[in-house]
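Worksheet: one structure, shown below.
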2 protein chains.
Amino acid sequence: MKASRRYPSSTDVARLAGVSQSAVSRTFNKGKSVSEETSRKVFEAAEQLGYSPNFLPRMLLKHRSDLVAIVVSDSSNPFYAVAVDAFSRALQETGHQVLLASVDGGNALDGILPRLASYRVDAIVSALPVVTQSAAEAFARIRIPIVSFNTPARNQWISSVCSDNAGGAALVADLFVARGARSFGFIGGTPSDYASGERLRGFRERLALHGFDHVETAMGDYLYEDAFQAAAAMAERRKVPDALFCANDLMAFGALDALRRAGLRIPEDVLVAGYDDVPAAAWGSFDLTTVVHGHQAMVAAAIAILHARMADPEPADGVTTTVPVRLAERATTQR
Amino acid sequence: MKASRRYPSSTDVARLAGVSQSAVSRTFNKGKSVSEETSRKVFEAAEQLGYSPNFLPRMLLKHRSDLVAIVVSDSSNPFYAVAVDAFSRALQETGHQVLLASVDGGNALDGILPRLASYRVDAIVSALPVVTQSAAEAFARIRIPIVSFNTPARNQWISSVCSDNAGGAALVADLFVARGARSFGFIGGTPSDYASGERLRGFRERLALHGFDHVETAMGDYLYEDAFQAAAAMAERRKVPDALFCANDLMAFGALDALRRAGLRIPEDVLVAGYDDVPAAAWGSFDLTTVVHGHQAMVAAAIAILHARMADPEPADGVTTTVPVRLAERATTQR
DNA sequence: CTGAAAGCGCTAACAG
DNA sequence: CTGTTAGCGCTTTCAG
């Protein structure tokens with residue numbers, strides 16, 4: 001592959017404008033003393049050449065790239081698509097730029113880490129459901145601040161922003177009980193997944209407080225299809241509970257469709273709730289009661305941490321911020 | 001904001017390993033002659049310092065960053081989320097990395113362009129519905145190769161990959177006629193949008209061939225809500241056609257929900273089809289007949305163009321590649 | 001206000 | 001095989 005065409009440099013502009021290269025640099029960096037006359041000549045020459053300053057040498061000099069990596073594994077969940085977009089916008093406002101990294105499994109972070117380090121990213125945002133011990137150690141060695149979504153902090157270099165998973169699940173439990181349910185089911189993400197575990201724990205504990213000890217559980221992988229299967233199996237075995245809580249909206253949609261196909265009416269026969277409040281939850285076909293994940297609040301919290309961390313070369317222990325949630329009650333729980 | 005901690009440099013590694021800096025460089029670039037002994041010492045020192053080579057100087061020297069920018073405006077359409085992900089993966093495989101840029105309006109490309117140029121990206125992928133004339137001129141001036149999705153090529157520097165919009169729409173027209181429809185409706189994206197225009201054109205022209213001259217049209221903005229309103233208005237005014245084609249799946253979902261709420265049965269009273277084949281189209285609630293956009297084929301075509309363009313500093317005129325589509329017939333058109 | 005010069009961390013010639 | 005050297009394009013002293 002041939003080298004691509006050389007971009008014009010500040011030296012090219014300087015030559016054309018008949019000034020020194022440093023004059024060009026100063027013209028493009030506000031707050032520097034440049035005469036009206038010089039400035040005009042420089043901009044004219046720059047315009048003519050299609051010049052825009054090169055950030056790369058600046059990064060070299062300043063030891064900061066203003067690049068933030070976002071690591072994602074799976075874009076099938078609309079929640080992450082929205083979050084990535086919100087992140088990208090928020091970071092752009094503060095002069096940062098997002099380097100996107102897609103990994104295959106949920107735990108393939110270690111593999112991409114050296115690459116991101118080589119781009120000298122200032123920080124990493126992980127939207128991965130897990131941060132393995134080995135990845136955590138790798139971070140500690142490379143010493144790049146990282147903010148992880150819905151995964152607890154593991155060491156000094158890892159901070160995390162979590163939705164109030166257990167709290168949200170408890171709200172669902174309260175609602176189910178208030179609506180008269182007496183038996184309960186839960187369809188979760190992967191068993192190893194922190195967020196899913198917390199949602200189950202919060203659901204269970206609150207139900208126990210109401211005097212209900214059993215929760216029929218099944219596992220999906222946060223996918224529509226898995227939950228469809230799981231709910232269909234429940235219907236098949238006539239083990240459908242009065243109320244079913246799914247660890248995310250995508251799975252709730254799958255469960256809804258499966259239950260309806262099995263001839264059950266929602267909410268008359270079964271109450272259903274999800275988690276995330278993705279756009280589709282408000283659509284007429286689903287009208288799903290769900291826990292509002294509040295991606296804006298999560299992104300804002302993450303951005304705050306990121307900025308604090310990027311400003312401090314030797315940060316204290318990683319913090320875990322919990323973002324409050326609320327319930328959006330819709331048709332699937334309204335008898 | 002303080003500078004972030006300095007990453008270790010090859011000089012640091014060289015000092016610790018007791019070799020020259022260039023020896024370190026050679027060790028990390030395969031195909032260079034380094035003795036077993038030196039290599040071992042270097043890797044050891046690198047490991048100890050947590051060193052990974054800095055790509056930035058390399059970019060400076062080689063005049064290529066291996067960075068490709070992806071510009072997106074709206075992540076609410078799941079089609080783009082999936083496409084961005086596929087892109088990112090494909091580019092990573094060839095040693096490139098994605099710089100994500102989010103813009104607000106569909107035509108705010110001009111604004112972000114200088115920024116991307118400053119990062120010295122090798123190419124730009126635009127997932128924006130429009131490429132304005134001013135943006136096209138800006139590209140020509142900055143001379144970065146760009147591949148645009150579903151927007152026709154405008155000049156030497158702009159290539160594009162388009163779904164066979166008109167062809168797909170014609171398939172829908174044929175299907176509707178075969179299923180017995182006699183009156184037809186279309187809900188489009190923005191009027192100025194190329195893809196939407198092509199889909200309407202293909203739909204109209206094929207219907208004319210079948211002897212049907214009128215198409216009841218309404219405009220949404222590729223959004224669920226807009227199509228919901230539009231379809232509800234049709235129902236209100238008793239102007240619901242036998243068959244309704246929506247310019248994307250999201251709008252088809254909105255139309256379906258509105259028509260059902262108005263008491264119409266799908267497909268008995270109205271046939272409905274969409275465009276994209278997003279994952280939700282296959283879900284039980286919708287089971288939507290749709291044109292398979294084939295994002296893999298589009299991404300593959302775009303990647304091929306990208307690589308060709310990046311290899312050629314003075315490319316010929318921009319090419320427009322049309323990716324074939326097929327129909328996925330589901331319940332919404334099966335009487 | 002302006003230009004000359006040093007240097008960020010690396011790669012690529014070049015001698016040895 | 002190895003070290004020395006120049007230089008990518010910029011920012012930043014430092015003299016003038």
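Here is how names work: the chains are called A, B, and so on, in the same order as the sequence lines, proteins then strands, and each is numbered from 1. Just so it is clear, the model here is predicted, and its values are computed rather than measured. In what follows, every heavy atom counts, from backbone to side chain, and hydrogens, waters and symmetry copies are set aside.
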Exercise for the section: Quick one: list whatever passes side-chain hydrogen bond (donor to acceptor under 3.5 Å, both in side chains) with B:S126, sequence neighbours left out. Expected result: none
Practice task
Tell me, please, which residues at least two apart from B:T190 pass side-chain hydrogen bond (donor to acceptor under 3.5 Å, both in side chains).
Solution key: B:D221
Practice task
Could you list where the contact with chain B starts and ends along DNA chain D, reading 5' to 3', using a 4.0 Å heavy-atom cut-off?
Solution key: D:dC1 to D:dC10
Problem - B:R120 to A:Y7 six-membered ring, cation-pi geometry met (6.0 Å, 45°) - result: yes
Exercise for the section: Can you tell me which residue pairs pass the ring pair (Phe, Tyr, Trp, His ring centres under 6.0 Å) test with a partner in residues 128-150 of chain A, sequence neighbours excluded? Expected result: A:F87-A:F149
Problem - side-chain hydrogen bond (donor to acceptor under 3.5 Å, both in side chains) involving A:T321 - partner list, sequence neighbours excluded - result: none
Exercise for the section: May I have all residue pairs that pass ring pair (Phe, Tyr, Trp, His ring centres under 6.0 Å) and include part of residues 22-41 of chain A, sequence neighbours excluded? Expected result: A:F28-A:F43, A:F28-A:Y51
Handout entry: Results of salt bridge (Lys or Arg N to Asp or Glu O under 4.0 Å) for B:D193 - residues two or more places apart only
Key = none
Practice task
For the helix from C:dC1-D:dG16 to C:dG16-D:dC1, measure the angle between the helix axis at one end and the axis at the other, each built from five pairs, rounding to 10°.
Solution key: 40°
Exercise for the section: For each nucleotide in nucleotides 2-11 of chain C, reading 5' to 3', give B when a protein heavy atom comes within less than 4.0 Å of its base, S when such contact involves only the sugar-phosphate, and - otherwise. Expected result: BBB--BBBBB
Completion exercise
Residues pairing under salt bridge (charged side-chain N to carboxylate O under 4.0 Å, His left out) where one sits in residues 123-136 of chain B, two or more places apart or in two chains, turn out to be none
Problem - Residues forming a side-chain hydrogen bond (donor to acceptor under 3.5 Å, both in side chains) with B:T11, sequence neighbours excluded - result: none
Completion exercise
So the salt bridge (charged side-chain N to carboxylate O under 4.0 Å, His left out) pairs with at least one residue in residues 20-37 of chain B (sequence neighbours excluded) are B:E37-B:R40
